[in-house]
**Q** 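Attaching a single structure in C-alpha cells format; questions to follow.
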Number of protein chains: 2
Amino acid sequence: MSLWRQIADEIEQSIARGTFQPGTRLPGEIEIAERFGVNRHTVRRAIAALAERGMVRAERGSGTFIEQRRIPYPIKQRTRFSEIIGGAGHAVGARLTASSVEAADATMAKRLKIKLGSKLLRLELLRHADRIPLCAATTWLDAHRFPNAAAFYAADRSITRTLARFGVRNYTRKSTHVTAETAEAGDAGLLRIAVGRPLLVVNSVDIDEADTPVLATQARFAADRLELVIDS
Amino acid sequence: MSLWRQIADEIEQSIARGTFQPGTRLPGEIEIAERFGVNRHTVRRAIAALAERGMVRAERGSGTFIEQRRIPYPIKQRTRFSEIIGGAGHAVGARLTASSVEAADATMAKRLKIKLGSKLLRLELLRHADRIPLCAATTWLDAHRFPNAAAFYAADRSITRTLARFGVRNYTRKSTHVTAETAEAGDAGLLRIAVGRPLLVVNSVDIDEADTPVLATQARFAADRLELVIDS
DNA sequence: TTTTATTTGTCCGTATGTATC
DNA sequence: GGATACATACGGACAAATAAA
C-alpha cells in the first residue's frame, strides 16, 4: 500500500477517534511530514485525498481544518432520497426489510384521507449511501389503490418507480414534521449505531397531482451521519 | 424533590421512552398509586401537572389518555420564537443564562462573513413556553456592529427588539440546518430533561435587508416537547 | 497601518518501481 | 529484452493568502 494512503488512513482514524476534533486545525504539512518521516508532498497527497472526500478543508495561509461532515439532506417540495443522495455523488442503496398489511388507525386515516380501519400496506425500508445505512423508513400506502406494491417495490427498489406503475407520474411533499428520538434496539441494529444514539424523525405526507395523499412516511435518520437543510 | 414531581417525571419519561404510547390509556390512578406505593391523591397531583402541560388528557369515567402533542414550530423565512410560540397561545419567556465575548473561529467567521479572530458576542438564552423550557440557544453577534448588546438584551428580552436598537428593522432566515444530538448535563439541567434525551439542534443564520449576516444561532430544542414543521 | 512569519498552493526537476505493449 | 506510460516519492523554490506582531 502506498505511503500517502497509509498516512491518509492514519489521519482519518485520528479524526474518528477524536484525537483531532472537528472544527480544529490539523498540524501543518511540514509537521505531519516530520512526524511520519516523509516528504511534505507525500503528506499533501494524503490530505488532498481527505479533502476530496470532504473530511478536511484546506485554507491557504491559515491551515487545514477538520470538517464535521454530516451529509446535507435538503427538504423541498420534491424530496427523493435517491435523487438527493445520489446527486451528491454517493452510491445509493435501499432494502425492503419488512412489509405487512394493517388497518388504518385514526392518525393514519386522517393523514392519508382514507376511512378508519381501511387496509394499509406498510413497507419498512432501509436506505444507505456508500454502503453506510442512513435511514430506516416506514412507508404507508393505501392497499386498495396500490395492490401488491410490496412485490413491485422489491423489484423496482424505488418508491417513485413503484408508484409510476400505478399511474402516479409525480408526487410532491405536502407536510413535513421533524422531531428527534433516541434509537431503540431495532433501528439501532438496522442503522448500525449504538442504542441511545440520536435519530432525526421526519414524518411526511406526499400528494399526487390531484392533491390526493398517496404516501405517508416516517423516516428515521441516523443524526450522526446527516443533517436536514431547509431551503427557503 | 417532591414525590408527585418524581412520579410525574417517571410517567413523562415512560411516555418519552415509548412505554406508554400516544393515544393509549394510562393505567388507572389506583394502579399507579399501588405501583409507586403512594396515595392516590399524590398520583392525581402528578397527573394534573402533566395534564396542565398538555401531555395527558383525563376523561372522567373513562381514563387518562396520552396526548404527547408536540408543540408545532414552523420554520419559515421569518422565524421568531416569541411570535411562533406566543401566537399559538402559549406564555412565552426567555432568560439570558450567560454571555461572553470570544474570538471568531473559522466556522463562525465564515458563517457571519467576518474576519477570523474578530470579536463575537455570545449570548446563551433559555426560552420557555408556559413556564416549561423548550429551547436552549446560543446566539452569536458581531461585537463591533452590536456593542453592548448583552446589556440591551437583558432589558429587552428579545433579539428582535435588541437588534432594532441598532437599526436592524427586519431580518430573515438565510440558512437552516437541522440535526439531532443527545443532551449533556448542561443542556439537560437547563431544559429540565434527563441526560441522554434527544435534542433537535437547529443551526441558522439570519441576514438583514442588505443581505449581511447579523445572527448565527444554534438552538437546542427538547425534542420531546416540540416538532419542527417545514412549510413549503 | 505596516511588517514579518507562517501556511498552503503551484511549479520545477529527479529518481524508482510497476505494468503494458 | 526494450520502450513507454504511469504512479509514487523526494527535494527545492517561490507565490499567495493569512495571522500575528
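For the numbers below, each heavy atom of this structure counts, side chains included, while hydrogens, waters and symmetry mates do not. Residue numbering restarts at 1 for every chain, and letters A, B, ... go by the order of the sequence lines.
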**Q** Partners of A:Phe152 by ring-ring contact (aromatic ring centres under 6.0 Å, His included), sequence neighbours excluded?
**A**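 Expected list: A:Phe166.
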
**Q** Taking only residues at least two apart or on different chains, which pairs with a member in residues 144-157 of chain B satisfy salt bridge (charged side-chain N to carboxylate O under 4.0 Å, His left out)?
**A**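 Sorted pair list: B:Arg145-B:Asp208, B:Asp156-B:Arg165.
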
**Q** Does NZ or CZ of B:Arg70 lie under 6.0 Å from the centre of the six-membered ring of B:Phe221, at an angle within 45° of the ring axis?
**A**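 No; the conditions do not both hold, so B:Arg70 does not lie above the ring face of B:Phe221.
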
**Q** Where is the tightest heavy-atom contact between A:Ile85 and A:Ala129, given as atom of each residue plus distance?
**A**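 Nearest pair, atom of A:Ile85 first, then A:Ala129: CG2-CB, 3.5 Å.
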
**Q** Applying the side-chain contact (heavy atoms from CB on, under 4.5 Å) test to B:Tyr153, which of B:Thr139, B:Ile159, B:Leu121 qualifies?
**A**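 Per the side-chain contact (heavy atoms from CB on, under 4.5 Å) rule, the option paired with B:Tyr153 is B:Ile159, out of B:Thr139, B:Ile159, B:Leu121.
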
**Q** Summarise how protein sits on nucleotides 12-18 of chain C as a single string, 5' to 3': B when a protein heavy atom is under 4.0 Å from the base, S for sugar-phosphate-only contact, - for no contact.
**A** -------

**Q** A:His90 and side-chain contact (heavy atoms from CB on, under 4.5 Å): which partner among A:Ile132, A:Ile71, A:Leu134?
**A**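 Only one of A:Ile132, A:Ile71, A:Leu134 forms a side-chain contact (heavy atoms from CB on, under 4.5 Å) with A:His90, namely A:Ile71.
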
**Q** Specify the separation, in whole Å, of atom CZ of A:Arg45 and atom P of C:dT8.
**A**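 So the two atoms are 17 Å apart, to the nearest Å.
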
**Q** Would A:Thr79 and A:Tyr73 count as having a side-chain donor-acceptor pair, cut-off 3.5 Å?
**A**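 Looking only at side-chain atoms, A:Tyr73 and A:Thr79 do not form any donor-acceptor pair under 3.5 Å.
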
**Q** Calculate, to the nearest 0.5 Å, the distance between atoms CG and OG1 belonging to B:Asp206 and B:Thr212 respectively.
**A**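 Reported to 0.5 Å precision, the distance equals 13.0 Å.
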
**Q** Where along nucleotides 14-21 of chain D does protein come under 4.0 Å, by heavy atom, of base (B) or sugar-phosphate alone (S), with - for untouched nucleotides?
**A** --BBBS--

**Q** What residues from residues 24-39 of chain A pass a heavy-atom cutoff of under 4.0 Å to DNA chain C?
**A**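 Within this stretch, A:Arg25, A:Gly28, A:Glu29 sit under 4.0 Å of the strand.
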
**Q** Mind running side-chain contact (heavy atoms from CB on, under 4.5 Å) on B:Ile193 and B:Asp187 for me, showing each step along the way?
**A** CA-CA 8 Å; B:Ile193 56 177; B:Asp187 284 331; over 6 Å; no

**Q** With sequence neighbours excluded, tell me which residues meet side-chain hydrogen bond (donor to acceptor under 3.5 Å, both in side chains) with A:Glu124.
**A**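 If we apply the side-chain hydrogen bond (donor to acceptor under 3.5 Å, both in side chains) test to A:Glu124, skipping adjacent residues, the hits are A:Arg122, A:Thr138.
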
**Q** Taking atom P of D:dA7 as reference, at what distance in whole Å does atom CH2 of A:Trp4 sit?
**A**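 The answer, rounded to whole Å, is 11 Å.
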
**Q** Looking only at side-chain atoms of A:Arg5, point me to the closest of D:dA9, D:dT8, C:dT8.
**A**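 Of the options given, the side chain of A:Arg5 lies nearest D:dT8.
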
**Q** For C:dG9, does either OP1 or OP2 sit under 4.0 Å from a side-chain N or O belonging to A:Arg44?
**A**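 True: A:Arg44 side-chain N/O within range (under 4.0 Å) of C:dG9 OP1/OP2.
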
